[in-house]
Amino acid sequence: MKKLLLSTLLLAFMVSSNVFGQSYMSSINKFEFSKDIPVRSVEAPDRAQLAEEDALRDRQGLLYRIAVARLTNVNTSNSGIWSTLSNGDRQWQLIVNAPGAEAISFLFETFKIYGGTTLRIQNMKGQDVHAIMTAADVQEHFRQNAALCFGDKLVLTLTEPKYTTPSVIDMDRIMYNYRSTGNPSAQKINESDPCEVNVNCTPVGDPWQDEKRGVARLYVVEGAQAGWCSGTLINNTAADCKPYFLTALHCGVNATTANMTQWKFYFRYEAPTCTNPTTAGSLASHFITGCLRIADSGDGGGNSGSDFLLVKMGTASNEASVITQLKSTAFNAYWNGWNANTAPSTGGVSIHHPAGDIKKISTFTGNTISTQWGSAAGSHWRVTWTSNANGYGVTEGGSSGCPQFDQNHRIVGQLHGGPASCTNVSTDFYGKFSKSWATGTTPATRLRDWLDPANTGT
(Lines give C-alpha, C1' and ligand atoms only; values in the text may rest on other atoms or scores of the structure.)
Protein backbone atom coordinates (compact mmCIF):
# COMPACT_ATOMS: atom_id res chain seq x y z
CA MET A 1 0.00 0.00 0.00
CA LYS A 2 0.99 3.64 -0.25
CA LYS A 3 1.30 4.44 3.41
CA LEU A 4 -1.83 5.95 4.93
CA LEU A 5 -1.49 9.38 6.53
CA LEU A 6 -2.18 9.37 10.25
CA SER A 7 -5.06 11.75 9.75
CA THR A 8 -6.90 9.13 7.63
CA LEU A 9 -6.36 6.03 9.78
CA LEU A 10 -9.80 4.46 10.03
CA LEU A 11 0.83 -14.00 -0.98
CA ALA A 12 4.03 -33.14 -12.03
CA PHE A 13 3.68 -30.77 -9.00
CA MET A 14 6.54 -28.53 -8.08
CA VAL A 15 6.98 -24.86 -7.56
CA SER A 16 8.66 -23.50 -10.66
CA SER A 17 12.43 -23.36 -10.25
CA ASN A 18 13.07 -21.76 -13.60
CA VAL A 19 15.77 -19.14 -13.51
CA PHE A 20 15.47 -16.25 -15.88
CA GLY A 21 16.41 -12.63 -15.96
CA GLN A 22 14.05 -9.81 -16.68
CA SER A 23 16.74 -8.94 -19.22
CA TYR A 24 16.67 -12.57 -20.38
CA MET A 25 15.89 -11.24 -23.84
CA SER A 26 18.76 -12.11 -26.13
CA SER A 27 19.94 -9.86 -28.93
CA ILE A 28 18.42 -10.72 -32.30
CA ASN A 29 19.19 -8.69 -35.40
CA LYS A 30 16.15 -9.60 -37.47
CA PHE A 31 13.12 -11.70 -36.67
CA GLU A 32 9.59 -11.95 -38.05
CA PHE A 33 6.63 -13.98 -36.85
CA SER A 34 4.10 -15.35 -39.30
CA LYS A 35 1.49 -12.84 -40.33
CA ASP A 36 -1.11 -15.62 -39.91
CA ILE A 37 -0.90 -15.56 -36.10
CA PRO A 38 -4.17 -14.10 -34.72
CA VAL A 39 -3.98 -11.05 -32.46
CA ARG A 40 -6.07 -10.62 -29.32
CA SER A 41 -6.03 -6.98 -28.32
CA VAL A 42 -7.03 -5.68 -24.92
CA GLU A 43 -8.22 -2.19 -24.18
CA ALA A 44 -5.72 0.05 -22.44
CA PRO A 45 -7.07 1.38 -19.14
CA ASP A 46 -7.68 5.07 -18.58
CA ARG A 47 -4.36 6.12 -17.03
CA ALA A 48 -5.75 9.34 -15.60
CA GLN A 49 -8.53 7.40 -13.91
CA LEU A 50 -6.02 4.86 -12.57
CA ALA A 51 -3.91 7.66 -11.11
CA GLU A 52 -6.95 9.13 -9.41
CA GLU A 53 -8.00 5.73 -8.05
CA ASP A 54 -4.47 4.95 -6.87
CA ALA A 55 -4.26 8.22 -4.98
CA LEU A 56 -7.50 7.31 -3.20
CA ARG A 57 -6.32 3.74 -2.57
CA ASP A 58 -3.15 5.13 -1.01
CA ARG A 59 -5.18 7.27 1.36
CA GLN A 60 -7.35 4.28 2.25
CA GLY A 61 -4.37 2.08 2.99
CA LEU A 62 -4.97 -0.54 0.31
CA LEU A 63 -2.63 -2.75 -1.72
CA TYR A 64 -0.06 -0.80 -3.79
CA ARG A 65 -1.65 -1.61 -7.15
CA ILE A 66 0.43 -1.92 -10.32
CA ALA A 67 -1.87 -3.92 -12.62
CA VAL A 68 -5.50 -4.39 -13.63
CA ALA A 69 -7.11 -7.37 -15.37
CA ARG A 70 -8.13 -6.71 -18.97
CA LEU A 71 -9.07 -10.01 -20.64
CA THR A 72 -10.63 -13.31 -19.66
CA ASN A 73 -11.39 -16.71 -21.18
CA VAL A 74 -8.50 -17.24 -23.57
CA ASN A 75 -7.66 -20.84 -24.42
CA THR A 76 -6.30 -22.96 -27.24
CA SER A 77 -9.79 -23.65 -28.58
CA ASN A 78 -11.25 -20.14 -28.81
CA SER A 79 -8.09 -18.16 -29.62
CA GLY A 80 -4.88 -18.44 -31.64
CA ILE A 81 -4.00 -20.79 -34.45
CA TRP A 82 -2.85 -24.42 -34.57
CA SER A 83 -0.37 -25.80 -37.10
CA THR A 84 1.57 -29.00 -37.65
CA LEU A 85 5.34 -28.70 -37.97
CA SER A 86 7.43 -30.65 -40.48
CA ASN A 87 8.48 -33.14 -37.77
CA GLY A 88 4.88 -33.86 -36.80
CA ASP A 89 4.80 -31.68 -33.66
CA ARG A 90 1.69 -29.56 -33.08
CA GLN A 91 2.06 -25.84 -32.42
CA TRP A 92 -0.38 -23.21 -31.17
CA GLN A 93 0.36 -19.48 -31.37
CA LEU A 94 -1.37 -16.28 -30.26
CA ILE A 95 -0.33 -12.62 -30.15
CA VAL A 96 -1.61 -10.61 -27.19
CA ASN A 97 -1.58 -6.84 -27.66
CA ALA A 98 -1.95 -4.59 -24.58
CA PRO A 99 -1.15 -1.08 -25.89
CA GLY A 100 1.03 0.95 -23.54
CA ALA A 101 1.53 -1.78 -20.92
CA GLU A 102 4.94 -1.95 -19.24
CA ALA A 103 4.46 -5.70 -18.82
CA ILE A 104 1.82 -8.40 -19.19
CA SER A 105 1.12 -11.12 -16.64
CA PHE A 106 -0.66 -14.24 -17.94
CA LEU A 107 -2.80 -15.85 -15.23
CA PHE A 108 -3.80 -19.43 -15.96
CA GLU A 109 -6.91 -20.89 -14.37
CA THR A 110 -5.80 -24.19 -15.91
CA PHE A 111 -2.22 -24.98 -16.87
CA LYS A 112 -1.71 -28.63 -17.88
CA ILE A 113 1.13 -29.54 -20.21
CA TYR A 114 2.76 -32.92 -20.53
CA GLY A 115 5.98 -34.65 -21.55
CA GLY A 116 8.21 -32.40 -23.63
CA THR A 117 5.58 -29.75 -24.31
CA THR A 118 6.76 -26.15 -23.88
CA LEU A 119 5.13 -22.74 -23.64
CA ARG A 120 7.30 -19.87 -24.85
CA ILE A 121 6.55 -16.14 -24.45
CA GLN A 122 8.43 -13.72 -26.72
CA ASN A 123 8.30 -10.10 -27.81
CA MET A 124 7.93 -9.17 -31.46
CA LYS A 125 11.72 -9.31 -31.94
CA GLY A 126 11.68 -12.99 -30.99
CA GLN A 127 13.30 -12.34 -27.60
CA ASP A 128 12.18 -14.48 -24.67
CA VAL A 129 10.52 -12.38 -21.95
CA HIS A 130 9.90 -15.28 -19.58
CA ALA A 131 11.58 -18.58 -18.87
CA ILE A 132 10.29 -21.29 -21.18
CA MET A 133 7.55 -23.11 -19.27
CA THR A 134 7.53 -26.91 -19.11
CA ALA A 135 5.73 -29.75 -17.33
CA ALA A 136 7.85 -28.91 -14.26
CA ASP A 137 5.75 -25.73 -13.92
CA VAL A 138 2.50 -27.70 -13.57
CA GLN A 139 1.21 -27.55 -10.00
CA GLU A 140 -1.29 -29.76 -8.22
CA HIS A 141 -4.04 -27.14 -8.45
CA PHE A 142 -3.19 -26.57 -12.17
CA ARG A 143 -3.00 -22.77 -11.82
CA GLN A 144 0.01 -20.72 -12.88
CA ASN A 145 1.21 -17.15 -13.38
CA ALA A 146 3.66 -16.08 -16.07
CA ALA A 147 4.24 -12.73 -14.40
CA LEU A 148 5.76 -9.46 -15.61
CA CYS A 149 6.56 -10.33 -19.21
CA PHE A 150 8.02 -7.03 -20.41
CA GLY A 151 6.39 -5.40 -23.42
CA ASP A 152 2.90 -4.61 -24.65
CA LYS A 153 2.74 -6.98 -27.64
CA LEU A 154 3.81 -10.58 -26.99
CA VAL A 155 3.64 -13.93 -28.75
CA LEU A 156 2.68 -17.15 -26.97
CA THR A 157 3.89 -20.37 -28.61
CA LEU A 158 2.77 -23.77 -27.30
CA THR A 159 4.67 -26.68 -28.86
CA GLU A 160 3.47 -30.27 -28.32
CA PRO A 161 5.77 -33.08 -29.51
CA LYS A 162 4.12 -35.72 -31.65
CA TYR A 163 2.14 -38.33 -29.65
CA THR A 164 2.23 -36.19 -26.47
CA THR A 165 -0.94 -35.85 -24.38
CA PRO A 166 -2.78 -32.70 -25.51
CA SER A 167 -2.39 -29.64 -23.30
CA VAL A 168 -5.14 -27.83 -21.45
CA ILE A 169 -4.37 -24.10 -21.30
CA ASP A 170 -6.99 -21.63 -20.06
CA MET A 171 -6.14 -18.01 -19.16
CA ASP A 172 -8.83 -16.51 -16.96
CA ARG A 173 -7.07 -13.11 -16.64
CA ILE A 174 -4.42 -11.12 -18.44
CA MET A 175 -2.93 -8.48 -16.15
CA TYR A 176 -2.09 -5.10 -17.65
CA ASN A 177 0.92 -3.92 -15.57
CA TYR A 178 1.10 -0.14 -15.87
CA ARG A 179 3.72 1.00 -13.30
CA SER A 180 6.58 -0.06 -11.01
CA THR A 181 7.51 -3.15 -13.02
CA GLY A 182 11.29 -2.73 -13.40
CA ASN A 183 10.99 -2.72 -17.19
CA PRO A 184 14.31 -1.31 -18.51
CA SER A 185 12.65 -0.01 -21.68
CA ALA A 186 10.27 2.02 -19.54
CA GLN A 187 13.21 3.10 -17.36
CA LYS A 188 11.31 1.96 -14.31
CA ILE A 189 14.12 0.42 -12.24
CA ASN A 190 14.86 2.62 -9.21
CA GLU A 191 11.31 3.94 -9.19
CA SER A 192 11.34 4.38 -5.43
CA ASP A 193 12.02 7.80 -3.94
CA PRO A 194 15.60 9.14 -4.08
CA CYS A 195 16.37 9.08 -0.34
CA GLU A 196 16.09 5.27 -0.13
CA VAL A 197 19.29 3.37 0.80
CA ASN A 198 20.29 0.11 -0.93
CA VAL A 199 20.60 -2.82 1.45
CA ASN A 200 24.19 -3.46 0.34
CA CYS A 201 25.45 0.01 1.16
CA THR A 202 28.46 0.09 3.49
CA PRO A 203 28.40 0.55 6.43
CA VAL A 204 24.65 0.63 7.17
CA GLY A 205 23.84 -2.66 5.42
CA ASP A 206 26.89 -4.61 6.61
CA PRO A 207 25.41 -5.95 9.89
CA TRP A 208 22.22 -7.09 8.12
CA GLN A 209 23.58 -9.37 5.40
CA ASP A 210 21.93 -12.48 6.88
CA GLU A 211 18.56 -10.91 7.57
CA LYS A 212 18.24 -9.37 4.10
CA ARG A 213 18.32 -12.89 2.57
CA GLY A 214 14.94 -13.65 4.13
CA VAL A 215 13.21 -10.54 2.77
CA ALA A 216 11.36 -10.78 -0.55
CA ARG A 217 9.08 -8.65 -2.67
CA LEU A 218 5.64 -10.12 -3.19
CA TYR A 219 3.56 -9.87 -6.39
CA VAL A 220 0.04 -10.06 -5.02
CA VAL A 221 -2.91 -11.15 -7.18
CA GLU A 222 -6.23 -10.01 -5.75
CA GLY A 223 -9.15 -10.58 -8.11
CA ALA A 224 -9.01 -8.09 -10.98
CA GLN A 225 -5.83 -6.37 -9.80
CA ALA A 226 -2.23 -7.05 -8.76
CA GLY A 227 0.32 -5.13 -6.75
CA TRP A 228 3.49 -5.11 -4.65
CA CYS A 229 4.11 -5.83 -0.98
CA SER A 230 7.14 -6.93 1.07
CA GLY A 231 7.68 -9.59 3.72
CA THR A 232 10.07 -12.16 5.15
CA LEU A 233 10.73 -15.83 5.62
CA ILE A 234 10.27 -16.57 9.31
CA ASN A 235 11.69 -19.31 11.52
CA ASN A 236 9.81 -21.57 13.94
CA THR A 237 10.95 -23.34 17.11
CA ALA A 238 10.91 -26.74 15.37
CA ALA A 239 13.68 -25.34 13.14
CA ASP A 240 12.41 -27.48 10.25
CA CYS A 241 12.63 -24.73 7.60
CA LYS A 242 8.90 -24.66 6.88
CA PRO A 243 8.50 -21.98 4.19
CA TYR A 244 6.44 -19.61 6.34
CA PHE A 245 6.34 -16.02 5.13
CA LEU A 246 5.15 -13.04 7.19
CA THR A 247 3.55 -10.00 5.54
CA ALA A 248 0.61 -7.64 6.10
CA LEU A 249 -3.02 -8.68 5.89
CA HIS A 250 -4.03 -5.55 3.99
CA CYS A 251 -1.79 -6.79 1.16
CA GLY A 252 -4.26 -9.57 0.41
CA VAL A 253 -7.26 -9.16 2.67
CA ASN A 254 -9.63 -9.96 -0.21
CA ALA A 255 -7.43 -12.52 -1.97
CA THR A 256 -9.09 -15.90 -2.52
CA THR A 257 -7.38 -19.27 -2.23
CA ALA A 258 -7.20 -19.37 -6.03
CA ASN A 259 -5.65 -15.88 -6.15
CA MET A 260 -2.93 -16.91 -3.72
CA THR A 261 -1.83 -19.82 -5.89
CA GLN A 262 -0.71 -17.14 -8.39
CA TRP A 263 1.29 -14.93 -6.01
CA LYS A 264 5.03 -14.70 -6.65
CA PHE A 265 7.81 -14.23 -4.08
CA TYR A 266 10.99 -12.67 -5.49
CA PHE A 267 14.17 -13.26 -3.46
CA ARG A 268 17.59 -11.62 -3.98
CA TYR A 269 16.01 -8.70 -5.84
CA GLU A 270 18.73 -6.26 -4.81
CA ALA A 271 21.62 -4.23 -6.17
CA PRO A 272 24.92 -6.06 -5.58
CA THR A 273 26.52 -2.82 -4.36
CA CYS A 274 25.43 0.55 -3.01
CA THR A 275 25.10 1.86 -6.58
CA ASN A 276 21.71 1.74 -8.25
CA PRO A 277 21.70 -0.43 -11.40
CA THR A 278 20.39 0.96 -14.68
CA THR A 279 18.27 -2.17 -15.34
CA ALA A 280 17.00 -5.09 -13.29
CA GLY A 281 19.17 -7.50 -15.30
CA SER A 282 18.79 -10.99 -13.86
CA LEU A 283 17.83 -9.71 -10.40
CA ALA A 284 14.26 -11.06 -10.67
CA SER A 285 15.40 -14.60 -11.49
CA HIS A 286 14.75 -16.21 -8.10
CA PHE A 287 11.08 -16.67 -7.30
CA ILE A 288 8.59 -19.04 -5.68
CA THR A 289 5.09 -19.29 -7.15
CA GLY A 290 2.00 -19.56 -4.98
CA CYS A 291 1.17 -19.90 -1.31
CA LEU A 292 -1.39 -21.08 1.22
CA ARG A 293 -3.03 -18.85 3.82
CA ILE A 294 -2.04 -20.11 7.29
CA ALA A 295 -3.17 -17.41 9.73
CA ASP A 296 -4.08 -13.73 9.81
CA SER A 297 -5.20 -11.05 12.23
CA GLY A 298 -8.80 -11.25 11.02
CA ASP A 299 -9.14 -7.51 11.39
CA GLY A 300 -9.99 -6.47 7.85
CA GLY A 301 -6.51 -5.15 7.24
CA GLY A 302 -5.59 -3.67 10.59
CA ASN A 303 -8.71 -1.74 11.58
CA SER A 304 -8.98 -3.62 14.88
CA GLY A 305 -5.73 -5.53 15.24
CA SER A 306 -2.13 -5.97 14.14
CA ASP A 307 -2.65 -6.48 10.38
CA PHE A 308 -0.53 -9.66 10.08
CA LEU A 309 -0.73 -12.36 7.43
CA LEU A 310 1.21 -15.63 7.64
CA VAL A 311 1.37 -17.79 4.52
CA LYS A 312 3.25 -20.92 3.52
CA MET A 313 4.90 -20.68 0.11
CA GLY A 314 4.15 -23.38 -2.45
CA THR A 315 1.25 -25.85 -2.47
CA ALA A 316 -0.24 -28.33 -0.02
CA SER A 317 2.08 -31.14 -1.07
CA ASN A 318 5.38 -29.65 -2.30
CA GLU A 319 6.82 -28.29 0.93
CA ALA A 320 10.01 -30.37 0.63
CA SER A 321 10.79 -29.11 -2.88
CA VAL A 322 10.16 -25.50 -1.86
CA ILE A 323 12.55 -25.87 1.08
CA THR A 324 15.17 -27.40 -1.21
CA GLN A 325 14.77 -24.50 -3.61
CA LEU A 326 15.06 -21.87 -0.88
CA LYS A 327 18.18 -23.53 0.57
CA SER A 328 19.86 -23.82 -2.83
CA THR A 329 22.89 -21.73 -3.72
CA ALA A 330 20.76 -19.76 -6.20
CA PHE A 331 18.36 -18.56 -3.47
CA ASN A 332 20.57 -18.74 -0.36
CA ALA A 333 17.50 -17.85 1.70
CA TYR A 334 17.52 -17.08 5.43
CA TRP A 335 14.78 -17.80 7.97
CA ASN A 336 14.58 -14.73 10.18
CA GLY A 337 14.07 -14.98 13.93
CA TRP A 338 11.55 -13.11 16.08
CA ASN A 339 10.82 -11.79 19.55
CA ALA A 340 7.26 -12.12 20.88
CA ASN A 341 7.90 -10.13 24.07
CA THR A 342 6.19 -6.82 24.66
CA ALA A 343 9.20 -4.63 25.48
CA PRO A 344 9.92 -1.78 23.03
CA SER A 345 12.94 -1.85 20.75
CA THR A 346 15.84 0.51 21.33
CA GLY A 347 16.67 0.80 17.65
CA GLY A 348 16.85 -1.34 14.54
CA VAL A 349 16.07 -1.41 10.83
CA SER A 350 13.45 -2.30 8.27
CA ILE A 351 14.34 -4.05 5.00
CA HIS A 352 11.83 -3.66 2.19
CA HIS A 353 10.94 -3.15 -1.49
CA PRO A 354 9.44 0.35 -1.88
CA ALA A 355 7.37 0.63 -5.08
CA GLY A 356 8.55 -2.93 -5.89
CA ASP A 357 12.07 -1.56 -6.28
CA ILE A 358 15.36 -3.26 -5.40
CA LYS A 359 15.83 -4.03 -1.71
CA LYS A 360 16.30 -1.04 0.59
CA ILE A 361 17.13 -0.52 4.28
CA SER A 362 15.82 2.12 6.70
CA THR A 363 17.12 2.77 10.22
CA PHE A 364 15.62 3.96 13.48
CA THR A 365 17.06 4.76 16.91
CA GLY A 366 15.53 5.32 20.32
CA ASN A 367 12.64 3.46 21.89
CA THR A 368 9.68 2.49 19.72
CA ILE A 369 6.35 3.79 21.01
CA SER A 370 3.33 1.58 21.70
CA THR A 371 0.29 2.92 19.84
CA GLN A 372 -2.60 1.80 17.65
CA TRP A 373 -3.79 2.08 14.05
CA GLY A 374 -7.47 1.41 14.37
CA SER A 375 -9.59 0.59 17.38
CA ALA A 376 -7.25 -1.86 19.17
CA ALA A 377 -5.12 -0.15 21.79
CA GLY A 378 -1.47 -1.18 21.85
CA SER A 379 -1.63 -3.04 18.53
CA HIS A 380 1.26 -1.22 16.80
CA TRP A 381 4.78 0.12 17.23
CA ARG A 382 5.49 3.67 16.10
CA VAL A 383 8.94 3.98 14.53
CA THR A 384 10.77 7.27 13.88
CA TRP A 385 13.27 7.08 11.02
CA THR A 386 16.75 8.50 11.53
CA SER A 387 19.69 9.32 9.30
CA ASN A 388 22.68 6.99 8.96
CA ALA A 389 26.12 7.00 7.35
CA ASN A 390 24.53 6.44 3.91
CA GLY A 391 21.77 9.01 4.27
CA TYR A 392 18.34 7.98 5.45
CA GLY A 393 15.52 5.77 4.29
CA VAL A 394 11.76 5.64 4.84
CA THR A 395 9.06 3.29 3.52
CA GLU A 396 6.65 3.63 0.60
CA GLY A 397 3.84 1.84 -1.16
CA GLY A 398 5.15 -1.69 -1.81
CA SER A 399 7.02 -1.73 1.52
CA SER A 400 3.89 -2.92 3.34
CA GLY A 401 4.42 -6.15 5.26
CA CYS A 402 8.18 -5.70 5.56
CA PRO A 403 9.78 -6.75 8.87
CA GLN A 404 10.70 -4.42 11.69
CA PHE A 405 13.95 -5.77 13.20
CA ASP A 406 14.95 -4.84 16.73
CA GLN A 407 18.46 -4.14 18.03
CA ASN A 408 18.99 -7.93 18.39
CA HIS A 409 18.11 -8.58 14.73
CA ARG A 410 14.76 -10.20 15.53
CA ILE A 411 11.36 -9.46 13.96
CA VAL A 412 9.08 -7.46 16.27
CA GLY A 413 6.51 -6.25 13.73
CA GLN A 414 5.44 -5.89 10.11
CA LEU A 415 4.75 -2.61 8.32
CA HIS A 416 1.18 -1.37 8.22
CA GLY A 417 1.73 2.21 7.04
CA GLY A 418 2.30 5.80 8.07
CA PRO A 419 3.02 9.32 6.83
CA ALA A 420 6.82 9.12 6.39
CA SER A 421 8.31 10.04 3.03
CA CYS A 422 11.57 11.39 1.64
CA THR A 423 10.18 14.90 2.11
CA ASN A 424 8.66 14.07 5.50
CA VAL A 425 11.13 11.94 7.43
CA SER A 426 8.82 11.12 10.30
CA THR A 427 7.06 8.02 11.65
CA ASP A 428 5.59 4.76 10.41
CA PHE A 429 3.48 2.11 12.12
CA TYR A 430 4.18 -1.63 12.45
CA GLY A 431 1.71 -4.24 13.66
CA LYS A 432 3.18 -5.70 16.85
CA PHE A 433 4.53 -9.24 16.67
CA SER A 434 3.61 -9.62 20.35
CA LYS A 435 0.02 -8.67 19.50
CA SER A 436 -0.09 -11.13 16.60
CA TRP A 437 1.41 -13.88 18.75
CA ALA A 438 -1.50 -14.86 20.97
CA THR A 439 -4.31 -12.31 20.77
CA GLY A 440 -6.42 -14.39 18.38
CA THR A 441 -8.82 -16.97 19.74
CA THR A 442 -7.98 -19.73 17.23
CA PRO A 443 -4.81 -20.96 15.44
CA ALA A 444 -6.09 -19.26 12.28
CA THR A 445 -5.90 -15.85 13.99
CA ARG A 446 -2.56 -16.01 15.85
CA LEU A 447 1.10 -16.89 15.25
CA ARG A 448 2.08 -18.97 18.27
CA ASP A 449 0.53 -22.25 17.04
CA TRP A 450 2.64 -22.14 13.87
CA LEU A 451 5.89 -20.58 15.01
CA ASP A 452 6.07 -22.43 18.37
CA PRO A 453 4.22 -25.66 17.49
CA ALA A 454 5.44 -27.49 20.63
CA ASN A 455 4.43 -24.58 22.88
CA THR A 456 7.97 -24.29 24.24
CA GLY A 457 7.61 -20.63 25.21
CA THR A 458 10.92 -19.86 23.53
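Side chains included, hydrogens not; waters and symmetry mates left out as well; all remaining heavy atoms used.
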Taking Lys359 first and then Glu270, would you say they form a salt bridge - that is, a charged N and a carboxylate O separated by under 4.0 Å? yes

Between Glu52 and Gln49, is there a side-chain donor-acceptor contact under 3.5 Å, judged purely by atom types and distance? no

The test is side-chain hydrogen bond (donor to acceptor under 3.5 Å, both in side chains); show your working for Asp54 and Tyr178 and say whether it passes. CA-CA 12 Å; Asp54 287 339; Tyr178 59 90; 2.7 Å; yes

Determine whether a donor-acceptor pair (N or O, by modelled atom type, separation under 3.5 Å) exists between the side chain of Arg70 and the backbone of Glu43. yes

Going by the angle between their ring planes, with limits at 30° and 60°, are Trp385 and Tyr430 parallel, tilted or perpendicular? perpendicular

Check: Asn336/Thr232 side-chain N/O donor and acceptor closer than 3.5 Å: yes

With distance as the sole test, does Gln91 use its side chain to make a donor-acceptor pair with the main-chain N or O of Leu85 at under 3.5 Å? no

Any donor-acceptor N/O pair, Arg179 side chain to Arg65 backbone, under 3.5 Å: yes

Set out, in order, the CA-CA distance, both residues' side-chain angles and the distance that settles side-chain hydrogen bond (donor to acceptor under 3.5 Å, both in side chains) for Tyr266 and Ser285, then state yes or no. CA-CA 8 Å; Tyr266 292 87; Ser285 300; over 6 Å; no

Smallest separation among heavy atoms of Ile81 and Ile37, with atom names: CG2-CA, 4.2 Å

Looking only at side-chain N and O atoms, does Thr256 offer a donor or acceptor that is under 3.5 Å from a partner on Asn259? yes

Whether Glu109 and Arg173 form a salt bridge (side-chain N of Lys/Arg under 4.0 Å from carboxylate O of Asp/Glu) is what I want to check. no

Using modelled atom types and a 3.5 Å cut-off, is there a donor and acceptor pairing between side-chain atoms of Asn145 and backbone atoms of Leu107? no

With salt bridge (Lys or Arg N to Asp or Glu O under 4.0 Å) as the criterion, how do Glu319 and Lys312 come out once you've worked through the C-alpha distance, each side chain's angles and the decisive distance to 0.1 Å? CA-CA 9 Å; Glu319 179 179 296; Lys312 188 174 80 166; 2.8 Å; yes

Name the orientation class of the two ring planes belonging to His416 and Trp373 (parallel below 30°, tilted from 30 to 60°, perpendicular beyond 60°). parallel

With distance as the sole criterion, is a donor-acceptor pair present between the side chains of Lys212 and Asn200 under 3.5 Å? yes

Does Tyr64 reach the side chain of Cys229, with side-chain heavy atoms less than 4.5 Å apart? no

Counting distance only, does the side-chain N/O of Ser297 pair as donor-acceptor with the main-chain N or O of Phe308 below 3.5 Å? yes

Within the distance-only criterion (no hydrogens, no angle test), does the side chain of Asn123 pair as donor or acceptor with the backbone N or O of Phe150 below 3.5 angstrom? no

Which heavy atom of Ala271 sits nearest to which heavy atom of Pro277, and what is that distance? CB-CD, 3.8 Å

How close do Ser79 and Leu94 get, counting heavy atoms only, and between which atoms? CB-CD2, 4.1 Å

Please tell me whether Ser399 and His352 have a donor and an acceptor in their side chains that are separated by less than 3.5 angstrom. yes

For Asn97 and Lys153, indicate whether the former's side chain and the latter's backbone hold a donor-acceptor pair under 3.5 Å. no

Tell me, with the steps shown, if Glu140 and Thr315 meet side-chain hydrogen bond (donor to acceptor under 3.5 Å, both in side chains). CA-CA 7 Å; Glu140 63 194 66; Thr315 69; 2.7 Å; yes

Do Ser105 and Asn177 pass the side-chain hydrogen bond (donor to acceptor under 3.5 Å, both in side chains) test, and can you show the C-alpha distance, the side-chain angles, and the key distance before you say yes or no? CA-CA 7 Å; Ser105 296; Asn177 295 275; 3.1 Å; yes

Keeping the roles fixed (side chain from Asn78, backbone from Asn75), state whether a donor-acceptor pair exists under 3.5 Å. yes

With sequence neighbours left out, the residues meeting salt bridge (Lys or Arg N to Asp or Glu O under 4.0 Å) with Arg120 are Asp128

Provide the full list of salt bridge (charged side-chain N to carboxylate O under 4.0 Å, His left out) pairs with a residue in residues 154-171, sequence neighbours left out, each pair given once. Arg90-Glu160

Are Lys264 and Tyr219 in a cation-pi setup, meaning NZ or CZ lies under 6.0 angstrom from the ring centre and within 45 degrees of the ring axis? no

I'd like to know if the side chain of Trp208 reaches the main chain of Ser350, judged simply by a donor and an acceptor atom lying under 3.5 Å from each other, with no hydrogens or angles considered. no

Examine distances only and state if a side-chain atom of Gln404 and a backbone atom of Leu415 form a donor-acceptor pair shorter than 3.5 Å. no

Is the terminal nitrogen or CZ of Arg217 (NZ for Lys, CZ for Arg) located under 6.0 angstrom from the six-membered ring centre of Tyr269 and within 45° of that ring's axis? yes

